[in-house]
K.L.:
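One structure follows; several queries about it will come next.
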Amino acid sequence: MSETKKPAGYYLRERFMPHLWCAGCGHGTVLNGLVRSVDELGLKKREIVMVSGIGCSARMAGYLDFHTLHTLHGRALAFATGVKLSRPELKIICPLGDGDALAIGGNHFIHAARRNIDITVLILNNRIYGMTGGQYSPLSGCGIDATTAPYSSIDEAFDAVRLATASGATFVARTTTFHVHQMQQILTQAIQHKGFSVVEVLSQCPTHFGRKNGGLEAVDMLKGYQQNTAPVGSKKLENSPDLIPVGVFVDEERAEYCDRYQGVIDRAQGGAAARTAPVGQGGAAAQGGAP
Amino acid sequence: MGTKVSKSKNLIDSILINREWCKRCGICVAFCPKDVFEEDEEGTVSVPRPEDCIYCELCERLCPDLAITLVPKSQPETQTAGDAS
Ligand SMILES: Cc1ncc(C[n+]2csc(CCOP(=O)(O)OP(=O)(O)O)c2C)c(N)n1
Ligand code: SF4
Ligand code: SF4
């Protein structure tokens with residue numbers, strides 16, 4: 001923690017509080033953890049751009065006193081890519097719902113990961129479309145009741161961690177709104193990471209997911225996160241492989257997209273010699289070019 | 001204004017609950033390991049046992065409405081980085 005811990009209100013637009021999320025909604029706990037991470041990193045408000053799509057999760061952008069863009073459902077990463085390419089020195093954070101990130105926004109997600117552009121994505125996974133009243137999402141999974149699956153869903157869920165990993169994200173983690181200390185640590189690592197970082201946060205929607213699936217309330221759902229998870233690489237997980245692994249799955253370095261793009265600009269501006277140099281090999285000198 | 005202040009004798013000075021932001025979800029009441037909170041039939045939270053707080057920060061971090069502030073006791077000024085071997 002930074003020594004001069006700022007009050008939670010410092011990064012908030014307090015004039016919009018109390019926020020509109022329901023009582024017990026996990027999205028508020030993610031906001032809580034994010035404020036702590038940003039404080040820990042000592043980031044200035046003007047160094048961060050939050051870009052969100054549409055959904056309950058996307059409303060986070062309204063409550064934070066950063067540069068904020070509240071854009072279109074599923075398209076946050078398209079806007080975020082534009083912002084990052086034009087101002088690569090800024091930190092970009094995208095809070096996405098599971099539908100926003102992996103249903104309508106799924107294609108943007110895999111390609112942003114493939115490019116390894118320096119953006120931090122938070123997938124606030126409540127396994128349902130909260131804002132529109134409880135339709136099932138690609139993360140609901142089999143046996144889940146939703147307004148669009150009154151006899152329960154028969155669709156397998158994506159594993160967001162494996163999808164992000166396979167797509168090329170260079171930092172991939174999962175945590176929950178119960179694991180609040182771990183959440184801060186992981187968010188801090190993700191924001192610091194240079195490259196595409198994905199943090200899936202299991203976040204309860206008591207209003208739609210809970211009500212339709214056994215009348216679960218926020219406290220029950222948090223207890224579920226406590227009981228049904230185990231740290232990645234732990235004995236506990238080895239003994240009970242059905243538990244949901246939490247922790248950091250991928251943390252590696254790979255060339256970042258804005259840096260590569262700068263290489264394109266340099267080659268374009270560097271004249272014919274630079275243009276003919278094969279990418280990744282150091283131009284004329286590396287090709288043994290004598291004067 | 002709308003903020004309930006409770007005094008603690010030990011690690012923390014007080015536990016503040018912002019009543020204008022609290023939505024009475026009961027998370028703090030359910031998860032405090034020392035049971036410092038209490039809710040009435042309407043779900044209004046109070047802090048009858050602040051002196052039991054061990055400053056684990058669980059309530060402050062779990063609260064989805066950022067409505068809880070733990071105010072730690074200020075460190076005595078005589079305590080400096082301990083190299084007085
Ligand atoms: C192009 C478009 N399609 C559909 C919608 C309707 N819509 C708004 S939010 C949403 C899904 C919200 O679910 P999710 O992204 O999981 O976020 P949550 O609300 O659960 O946080 C949908 C389908 C829209 N706003 N725009
Ligand atoms: S509908 Fe669900 S996701 Fe949306 S604010 Fe309410 S609890 Fe949160
Ligand atoms: S966790 Fe926060 S919002 Fe919920 S009852 Fe406690 S103080 Fe109120």
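Chain naming here is simple, since letters A, B, ... match the order of the sequence lines and numbering starts at 1 in each.
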K.L.:
Flag the one option from Cys63(B), Cys22(B), Pro64(B) with the top tally of heavy-atom pairs under 4.5 Å to chain A.
P.N.:
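Most pairs with chain A among the choices: Pro64(B).
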K.L.:
Between Lys23(B) and Ala23(A), which heavy-atom pair has the shortest distance, and what is it?
P.N.:
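Looking at all heavy atoms of both residues, the shortest contact is O-CB, 3.5 Å.
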K.L.:
Can you say whether His27(A) sits under 4.5 Å from chain B via the side chain, the backbone, both, or neither, judging by heavy atoms?
P.N.:
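Looking at His27(A), nothing touches chain B.
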K.L.:
What residues of residues 213-235 of chain A sit under 4.5 Å from chain B when you count only heavy atoms?
P.N.:
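Those residues of residues 213-235 of chain A which have a heavy atom under 4.5 Å from chain B are Ala218(A), Val219(A), Leu222(A), Lys223(A), Gln226(A).
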K.L.:
Starting at CG of Asn18(B), measure out to CE of Met17(A) and round the result to the nearest 0.5 Å.
P.N.:
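Taking CG in Asn18(B) and CE in Met17(A), the distance rounds to 8.0 Å.
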K.L.:
Taking all non-hydrogen atoms of both residues into account, name the closest pair between Leu66(B) and Leu12(A) and its distance.
P.N.:
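Residues Leu66(B) and Leu12(A), closest heavy atoms: CD2-CD1, 4.1 Å.
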K.L.:
Which residues from residues 24-37 of chain B are near chain A, with near meaning under 4.5 Å between non-hydrogen atoms?
P.N.:
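Listed by number, the contacting residues are Cys25(B), Gly26(B), Ile27(B), Ala30(B), Phe31(B).
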K.L.:
Which pair of heavy atoms, one from Glu14(A) and one from Trp21(B), lies closest together, and at what distance?
P.N.:
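Nearest pair, atom of Glu14(A) first, then Trp21(B): OE2-CH2, 3.2 Å.
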K.L.:
If you take all heavy atoms of Pro18(A) and Glu20(B), which pair is closest and at what distance?
P.N.:
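Closest approach of Pro18(A) to Glu20(B), heavy atoms only: CG-O, 3.4 Å.
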K.L.:
Starting at OG1 of Thr177(A), measure out to CZ of Arg61(B) and round the result to the nearest 0.5 Å.
P.N.:
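Spacing of OG1 (Thr177(A)) from CZ (Arg61(B)) equals 14.0 Å.
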K.L.:
Going by heavy atoms in the side chains, are His19(A) and Asp65(B) under 4.5 Å from each other?
P.N.:
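A side-chain contact under 4.5 Å exists here.
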K.L.:
Atom CZ in Arg36(A), atom CD in Glu57(B): separation rounded to 0.5 Å?
P.N.:
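The distance works out to 6.0 Å.
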